[in-house]
Amino acid sequence: MDLVTPSIGLVFWTTLCFAILLFILGKFAWKPILAAISEREKSIESALSMAEAAKEEMARLTSENDELLKQARIERDNILREAKKVKDQIIGEAKDAANAEAGRMIERARIEIENQKAIAMADVKNQVATLSIDIAEKILRKQFEDQKKQDQLVSDLLKEVKLK
Amino acid sequence: MTNGTILNSKIFRISLICAFFLILGGFPKLAMSQENTSENTEKKFEPKDVILEHISDSHSWPLALPFVEEKHIPLPVILYTDKGLDVFSSGNLYPEGTVYSSGKNSYKLEANKIKVVDASGTVDEAGSKKVLDFSITRNVVSMFMAIALLLIVFLSISSAYAKRVGKAPKGLQSWLEPLIVFVRDDIAIPNMGHKYVRFMPLLLTIFFFILINNLFGMIPFFPGGYNLTGNIAVTLTLSVIILFVVNLNGNKHYWKHIFVPNPWWLFPIMIPVEIVSIFSKPIALMIRLFANITAGHIVILSLISLIFIFKSLAVSPVSVVFVVFMDCIELLVAFLQAYIFTLLSSLFIGMAIEEHH
């Protein structure tokens with residue numbers, strides 16, 4: 001029975017000791033310790049969420065980068081295509097211009113040739129005519145060296161002429 | 001496997017520590033048993049007396065073990081009598097039965113209780129009832145030591161937290177932080193919700209107070225060797241504190257639940273039942289802790305006593321094996337009872353402060 005009879009002395013000392021312990025630990029140990037623990041938990045929490053946010057930001061930036069790269073590539077392709085088109089156009093235009101110029105030059109050359117040819121022809125004709133006349137003169141001279149032939153011709157001619 | 005790894009292995013170190021404790025615990029007992037058989041053959045070994053002497057409080061501190069009665073440290077006796085305070089050393093009352101006269105009264109020890117005696121040396125029961133014993137007994141001293149240790153440990157940890165703001169815990173801090181966080185996250189928050197903060201100091205203090213005294217009670221010699229948490233006065237005080245905390249913090253839902261049961265015709269049954277339950281909860285706390293710790297001490301001491309009952313060294317290996325086994329269980333119980341007391345306290349507080357059903 002002694003065992004289950006609380007003694008007043010021990011109850012008193014336990015109460016006193018526990019109250020003092022509770023006061024001192026509560027004020028100087030538990031409060032700062034719990035505050036420090038929750039503070040650290042909060043900082044870990046925020047660090048984790050910040051890391052998460054940074055990861056998301058990174059992913060966003062990467063995808064943005066990819067997007068930019070893709071756009072840049074498209075842009076580059078466009079520019080290249082444009083440049084090619086312009087180049088082709090310039091070449092085509094140049095060719096056309098060259099062709100036209102060449103045509104014009106050929107035309108001019110042809111006209112010149114025509115002109116020269118005409119001049120040459122005229123010259124040739126003149127010379128042929130002069131030559132023909134010379135030859136004819138020479139032939140006639142030869143033919144009419146003989147008086148008899150002159151007389152005969154006159155007579156032939158006179159024969160042909162019939163008075164009407 | 002090299003020598004180094006064997007020395008470093010945990011099991012080896014633990015068994016070394018166990019062996020050390022067992023050897024220390026064993027020697028005085030052996031000496032005592034020889035003494036018993038050779039010199040005091042007429043004095044029979046009474047395990048009941050030895051065990052009760054250990055698990056109850058006393059006015060002196062046995063230096064080695066409860067078995068060695070001859071060596072003890074006297075402790076101050078403080079008596080509140082109708083003639084005023086009476087303070088003297090308990091050394092004056094030993095060996096038991098010595099009558100000491102302080103000038104105000106004459107006292108002697110009887111079954112570890114200080115009794116007032118009259119001139120002829122017989123116990124004056126009526127006079128003894130008027131004397132209140134506030135002595136610094138063995139349990140009070142052990143409580144002082146435990147509290148000093150708690151203060152040193154937790155104030156140093158607290159300063160460590162102040163010094164290492166936001167850093168990872170280190171040393172002692174990292175040993176005790178899991179326990180503190182455990183009390184907060186697994187005991188306080190699930191039972192009390194967001195209002196737990198106000199009760200954290202109480203719960204943590206109770207948890208560590210019970211834990212450290214449970215553990216110290218398991219050490220068989222000087223810093224330990226007492227039975228504080230297995231003393232009904234201590235568990236009574238702790239549960240009365242819980243009783244006050246629960247009922248002073250009870251909100252109107254709590255009181256309505258007690259005094260206004262749901263169907264009105266249950267009033268005559270329910271109100272007495274609820275009033276009984278207010279007190280039965282702390283009483284259950286008190287008895288649970290007291291019975292668990294005391295039972296553990298009794299079992300271990302009984303197993304040791306087997307050696308002396310049989311008066312044979314051959315029994316000692318059996319006893320030692322069983323005691324080691326029981327010590328392991330008691331180690332678990334030390335944590336478990338601290339946990340359960342704190343858990344149920346927070347549960348009762350949580351029920352009293354619960355906002356809404």
Side-chain angles (χ1 to χ4, degrees), chain A residues 1-70, chain B residues 52 55-57 78-80 111-113 132-137 139-140 143-144 146-147 150-151 153-155 157-162 164-169 173 176-177 180-181 184 197 200-202 204-206 208-209 228 230-238 240-241 286-287 290 294:
Chain A
M1 219 47 229
D2 225 25
L3 206 57
V4 288
T5 318
S7 63
I8 176 82
L10 196 51
V11 169
F12 167 76
W13 287 110
T14 311
T15 313
L16 184 72
C17 287
F18 192 82
I20 292 169
L21 184 71
L22 182 61
F23 174 75
I24 297 178
L25 284 187
K27 203 168 164 73
F28 300 108
W30 303 134
K31 211 185 252 178
I33 289 174
L34 288 171
I37 289 176
S38 68
E39 182 76 16
R40 194 174 62 215
E41 274 169 356
K42 259 181 225 151
S43 81
I44 289 172
E45 191 88 0
S46 74
L48 281 178
S49 64
M50 263 160 69
E52 191 67 25
K55 215 168 94 187
E56 263 168 34
E57 178 75 16
M58 199 73 174
R60 201 177 59 77
L61 280 177
T62 312
S63 73
E64 220 165 63
N65 262 1
D66 282 354
E67 193 64 28
L68 275 176
L69 217 65
K70 217 197 284 173
Chain B
L52 279 180
I55 59 175
S56 51
D57 208 353
I78 303 166
L79 298 173
Y80 181 77
N112 244 329
K113 287 263 183 298
L132 295 178
D133 187 356
F134 289 103
S135 303
I136 309 292
T137 56
N139 276 338
V140 176
M143 185 159 56
F144 287 163
I147 281 173
L150 282 177
L151 287 177
V153 166
F154 286 106
L155 292 179
I157 284 187
S158 175
S159 71
Y161 274 103
R164 302 169 49 81
V165 178
K167 285 190 196 154
Q173 213 184 345
L176 290 162
E177 186 177 310
I180 296 171
V181 173
R184 189 192 62 178
V197 181
M200 274 309 282
L202 177 74
L204 283 169
T205 311
I206 282 189
F208 284 105
F209 180 78
L228 185 69
N231 190 299
I232 195 85
V234 174
T235 59
L236 172 80
T237 313
L238 292 179
V240 167
I241 291 168
M286 169 179 85
I287 293 174
F290 160 74
T294 302

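Chain letters run A, B, ... following the sequence lines, proteins first, then strands; residues in each count from 1. Small disclaimer: the values here were computed from a predicted structure and weren't measured.
The side-chain heavy atoms of A/V4 and B/F290, taken from C-beta on, include a pair separated by under 4.5 Å. With a 4.5 Å cut-off on side-chain heavy atoms, B/L150 and A/L21 count as touching.
Proximity to chain A involves both the backbone and the side chain of B/L202, based on heavy atoms less than 4.5 angstrom apart. Residue B/V181 touches chain A through its side chain alone, counting heavy-atom pairs closer than 4.5 Å. The part of B/L52 that comes within reach of chain A is its side chain, from C-beta onward, which places non-hydrogen atoms under 4.5 angstrom from that chain. Of the atoms belonging to B/T294, it is side-chain heavy atoms, and not backbone ones, that fall under 4.5 Å from chain A. In this structure, chain A has heavy atoms under 4.5 Å from both the backbone and the side chain of B/F154. With a 4.5 angstrom heavy-atom cutoff, B/V165 does not touch chain A via any of its atoms. When heavy atoms are compared at a cutoff of 4.5 Å, B/R164 does not approach chain A at all. Residue contact with chain A, scored on non-hydrogen atoms closer than 4.5 Å, involves the backbone of B/D133 exclusively. With a 4.5 Å cut-off on non-hydrogen atoms, B/F144 touches chain A through its side chain but not through its backbone.
Of the possible donor and acceptor atoms, one in the side chain of A/W13 sits under 3.5 Å from a partner among the backbone N and O of B/F134.
When each of B/S135, B/A162, B/S56, B/P169 is scored by its heavy-atom pairs under 4.5 Å with chain A, the top score falls to B/P169. Residue with the most contacts toward chain A among B/T235, B/V197, B/I136: B/I136 (heavy-atom pairs, distance under 4.5 Å).
Within residues 22-43 of chain A, the residues having any heavy atom closer than 4.5 Å to a heavy atom of chain B are A/L22, A/I24, A/L25, A/G26, A/F28, A/A29, A/W30, A/P32, A/I33, A/L34, A/A36, A/I37, A/S38, A/R40, A/E41, listed by residue number.
For the atom pair OG1 of B/T237 and CG of A/L10, the computed distance is 6.5 Å after rounding to the nearest 0.5 Å. Between the OG1 atom of A/T5 and the CG atom of B/L236 there is a distance of 11.5 Å, given to the nearest 0.5 Å. Within the model, atoms OG1 of A/T14 and CG of B/L228 stand 6.5 Å from one another, a figure rounded to the nearest 0.5 Å.
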Compile the donor-acceptor pairs under 3.5 Å between side chains in residues 51-61 of chain A and protein atoms, sequence neighbours left out, one pair per line.
residue	atom	partner	partner atom	Å
A/E57	OE2	A/R60	NH2	2.8
A/R60	NH1	A/E64	OE2	3.1

Inset, instruction - Apply side-chain contact (heavy atoms from CB on, under 4.5 Å) to A/F12 and B/I78, showing your working. - result: CA-CA 12 Å; A/F12 167 76; B/I78 303 166; over 6 Å; no

